[in-house]
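Order of the sequence lines fixes the chain letters, A, B, ..., with proteins taken first and strands second; residue numbering starts at 1 for each chain.
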Amino acid sequence: MQQDPDVIARPPEALIGDLNPQQAEAVQYHGPALLIGAGAGSGKTRVLTRRIAWILTQFGAWPSQILAITFTNKAAAEMRERLSSLIGPVAERMWVSTFHSACVRILRRDGDRIGLKSGFTIYDTADCERLVKLIASDFNFDVKRYTPRQILARISDYKNNLTGAKELLAQYAPDFRPGTRGYHIGRIGNVEELYAVVYAEYEHRLALANAVDFDDLIVRTVELLRTQPDVAAYYHHKFRYILVDEYQDTNHAQYVLIRELAGVDAGEHPSPDARGAGRVGPAWITVVGDSDQSIYAFRGADISNIQDFEKDFPNARTIMLEQNYRSTQTILDAANAVIAHNEGRKPKKLWTSAGKGVPITGYAADTAQLEAHWIAHEIKRLHEEEGVRYSDIAVMYRANAQSRSLEEGLIQAHVPYQLIGGTKFYERREVKDALAYLQAIVNPADAINMRRILNVPKRGLGARAESIVTMYADEHGLTFWEGVEQADRIEGMTTRTLNPLKRFADLMTGLRAFAAEHDGQPSQVVARVLRESGLLDELSKSTDPQDQSRVENLSQLQSVAAEYEQNTPDATLVGFLETTALVADFDQLPDESEDSGKVTLMTLHTAKGLEYPVVFLTGMEQGTFPHSRAMEDASELSEERRLAYVGITRAKRHLYITRAAVRAQWGRSSEMMPSQFLDEIPEGLIDWKRKEAGVERMRAGWGRGSDDDWNATLDEFGDWDDDSMGTTYGGSSYGSSSHGSSSYGSASYGSSSYGSSSRSGSSYGSQAPRFGSAARERTSSSSSSGNGGAHFTYGTSASPSRSPRFGSSSASSRSGKVTTRKAAPKPHAKPASSLDRDNRLDINDFHVGDKVSHDSFGLGTVLETQDKGRNSIITVDFGSDGVKRLMLRVAPIEKL
DNA sequence: CCGCAAATATTTTTT
DNA sequence: ATATTTGCGG
């Protein structure tokens, strides 16, 4: 077979010479199915890129025959880049992409075969939520009890498992016809029927709007491949080698997609004399993954995909990579020790030939602010005294909300930083508004976006006008836009409404014409939309200081469009919208090679796949990490632990772990006890700069009760009395049961009331540095540093190096509010803390097997009762909502 | 129909 | 604490 002249020829030795035996074997493996079990830092990406090069040069494949799938855009960009340096610029033209963008590409080409017209819209989570809310109000069900989020989560589950709305309808609501009004959901409490009906209606409206949600990208592609044999055949013969990264994070739909794309079940047989996968028969599949790094189960990821790989793909070979090239032995020991606490996992130990290195540094701060303060100054010290580059340092946390205090600390210490993720640029209101115009221009059937902009900016078309048009459109089987166009035919229409409607229709028609003429210049279209819609006008006239930054965000949007235009040879408006929908964090990480000069802040999830010489793992507290919502459930706790494993293994040389004894969460500060994960790290590995927070030391020496008693208290209920310095403990029986001399008992983490207590204006508050006007000034200086970068461009990935999400937008929106403080306390009495409350239920009235009803979990069965007097615990199985341990005294339950 | 003030929920993690 | 939703008066 002829070799693609664009592929830089590499002698085999150059591809495997510097690899260890397992890596080399994985690169060269000649066979239809290969699973690479790649531990953290084992050179996974290197093996993957080398294997692709190997396939090209040794198996004689063409670049176009390869499909490499990653999970995130970042990973795709990195792989593309590394491929590029290995085999040359031809890599830019290869299919190296995420599941989602690969699917978009396929659907853009052949989606019309399954009813997706070109220019279909991709709804993001917010769009989907709006849609469900609309459905909720049409069907009149209780949004309080069944939140759109819950419903969407359920719909997402259905989709991830390729369960169609039709089969659910047949089972639960055979009489319902999507698109009809007046259906009454049967008996209240028949949740399945409600889900089925909403799901079906949701699908129906998506179809009417010529729109898809994120999950649909996968699902509809599977549908396309399954129902259109010729399309399937095209891809079977096109992609002869499929490589999937982070295979442990694939869900069922993605698994099926891979199978369909590869034609595993198509029944073709390879020609026996082919050098590699040949031209017919199933494509050769390589998957790479590590079940210990599966952290997306909440999104439907199914570990059994990787566990069952050898069963699923005949003649599969598994190669394990366990030598770690990233971290010191100390860091690996910590990671191994933590992950070993997960049950039912295949034992696996990472090892390294690098030495022990420095110990892990630990620090226990009094408050989140002081934690940030210490981190910032430690970073400064590392930079100034040890010459560590800022860009070699990353600060990681469990949830985005934690970034706030860390940012403040870094700003205060004048440490430059960049924030990855968080509130996304494209999710900002003004940006979404502008994009909604573009979306509505491209796809007039898109009712969600059309309705969104109907009265943005204000043009006198409120809820009333919207519902008149909707009703008219529904009655006549028209789209919302067609309803607008025919506004003058609507009965009961007043001139007061008709005139602005007509103007709106004209506006959109004009914009559409303009867009059609300038399809290749999205930036022109953006400019026109901003100007003619009045979006820009409204904001620049406003006196609200926030609107100033909104204007800047809009102008950034225009620059992004311009940049896209320049970097994309066949730029179109639709293409631009696609990038905005799929490339969530546009401020990509800079190249490894280039020194951004900034510390990186990100969530642990975002950090997966990355590495830094110095890593700060922050917020190591029960309730923060592991997250309070994941502590009750064993499988979710395991996932948290894998997340900890991921975090620890990001560090190459020096790992820091920090925690705060008091953390403000939703306005109130709560006392946090140390994360159980800290206990899982062998003590000898950690060098504590400060082992206990001030509060904790005070308590230890308080005289009344030993440390164990305190911890035992915390243990069981994760809760503190409001007057914690006092002596009363809710009156009764707190036997001085000295459980567990290790600081936490094993079985008793979490209770439903975790974190509900608070400690008002305590003395710790005054210890915290105030971020007042000083912080505000510095915010602006940091914003200029954040924006001052040059315009690098790498690859065709069209990522502006300028990061839209900080700079003026986020910084200034935040400043000016820092110092505001309510003059008077709330007039309402504070709700009693959970320890004060008492719903007067008696544990003796509850027995195993009894039925109870919970305000939010619904009907449940009692599994266990524990009589502890005032602090009695009841364990209840709520079916699909799971098994919960509730403190009887505070639980909103009723015995049935 | 709009604007303002008050009430209310929100905090997992991402394509 | 903050963002979004609801209620009321103009």
Rounded to whole Å, please give me the gap between [atom1] in [X] and [atom2] in [N].
X      : N      : atom1 : atom2 : value
A:I69  : B:dT15 : CD1   : C1'   : 13 Å
A:R404 : C:dT2  : CZ    : P     : 6 Å
A:F99  : B:dT15 : CZ    : P     : 14 Å
A:Q369 : C:dA1  : CD    : P     : 11 Å
A:Q402 : B:dT11 : CD    : P     : 14 Å
A:R650 : B:dT13 : CZ    : P     : 19 Å
A:K133 : C:dT5  : NZ    : C1'   : 9 Å
A:Q293 : B:dT13 : CD    : C1'   : 15 Å

Do the side-chain N or O atoms of [X] get closer than 4.0 angstrom to the phosphate oxygens (OP1, OP2) of [N]?
X      : N      : result
A:T606 : B:dT14 : yes
A:N455 : B:dC2  : yes
A:S628 : B:dT12 : no
A:R130 : C:dT5  : no

Identify which nucleotide among [options] has an atom closest to any side-chain atom of [X], counting heavy atoms from C-beta outward.
X      : options                : result
A:R464 : B:dT13, B:dT14, B:dC1  : B:dC1
A:H100 : B:dT15, B:dC2, B:dT11  : B:dT15
A:A401 : B:dT15, B:dT12, B:dT11 : B:dT11
A:H605 : B:dT13, B:dC1, B:dT15  : B:dT13

Point to revise | Least distance between heavy atoms, A:A368 atom then A:A660 atom | key: N-CB, 3.5 Å

Review point. Is A:H627 side chain donor-acceptor paired with the B:dT12 base, going by distance under 3.5 Å alone?
Key: no

Review point. Below 3.5 Å, does any donor atom in the side chain of A:R629 face an acceptor in the base of B:dT12, or the other way round?
Key: no

Practice item. Determine, using ring centers only, whether A:F298 and A:H605 are less than 6.0 Å apart. Key: yes

Check your understanding: Does the separation of the ring centres of A:Y397 and A:F625 fall below 6.0 angstrom?
Key -> no

Check your understanding: With the threshold set at 4.0 Å, does a side-chain nitrogen-carboxylate oxygen contact exist between A:R641 and A:E636?
Key -> no

Review point. Is A:K608 salt-bridged to A:E246, going by a charged N under 4.0 Å from an acidic O?
Key: yes

Check your understanding: Does the ring of A:F298 meet both stacking tests against the six-membered base ring of B:dT13: centre distance under 5.5 Å and plane angle under 30°?
Key -> yes

Check your understanding: If pairing requires Watson-Crick or G-U wobble contacts with both distances under 3.5 Å, which nucleotide is the partner of C:dA3?
Key -> B:dT8

Considering every strand and a 4.0 Å limit on heavy-atom distances, what is the contact class for [X]: base, sugar-phosphate, or nothing?
X      : answer
A:A465 : sugar-phosphate
A:F71  : sugar-phosphate
A:N251 : nothing
A:E636 : base
A:R663 : nothing

Exercise for review: Determine, for A:F120 and A:R108, whether the Lys NZ or Arg CZ falls below 6.0 Å from the six-membered ring centre while staying within 45 degrees of the axis.
Suggested key: yes

Exercise for review: Hey, which sits more toward the 5' end of DNA chain B by its nearest nucleotide, A:A463 or A:N400?
Suggested key: A:A463

Check your understanding: Starting at the 5' end of DNA chain B and moving along, which residue's nearest nucleotide shows up first, A:R496 or A:I295?
Key -> A:R496

Point to revise | P-based separation of B:dT13 from C:dT4 [nearest Å] | key: 16 Å

Check your understanding: Mind checking whether A:F71 and A:F99 have parallel, tilted or perpendicular rings, split at 30° and 60°?
Key -> perpendicular

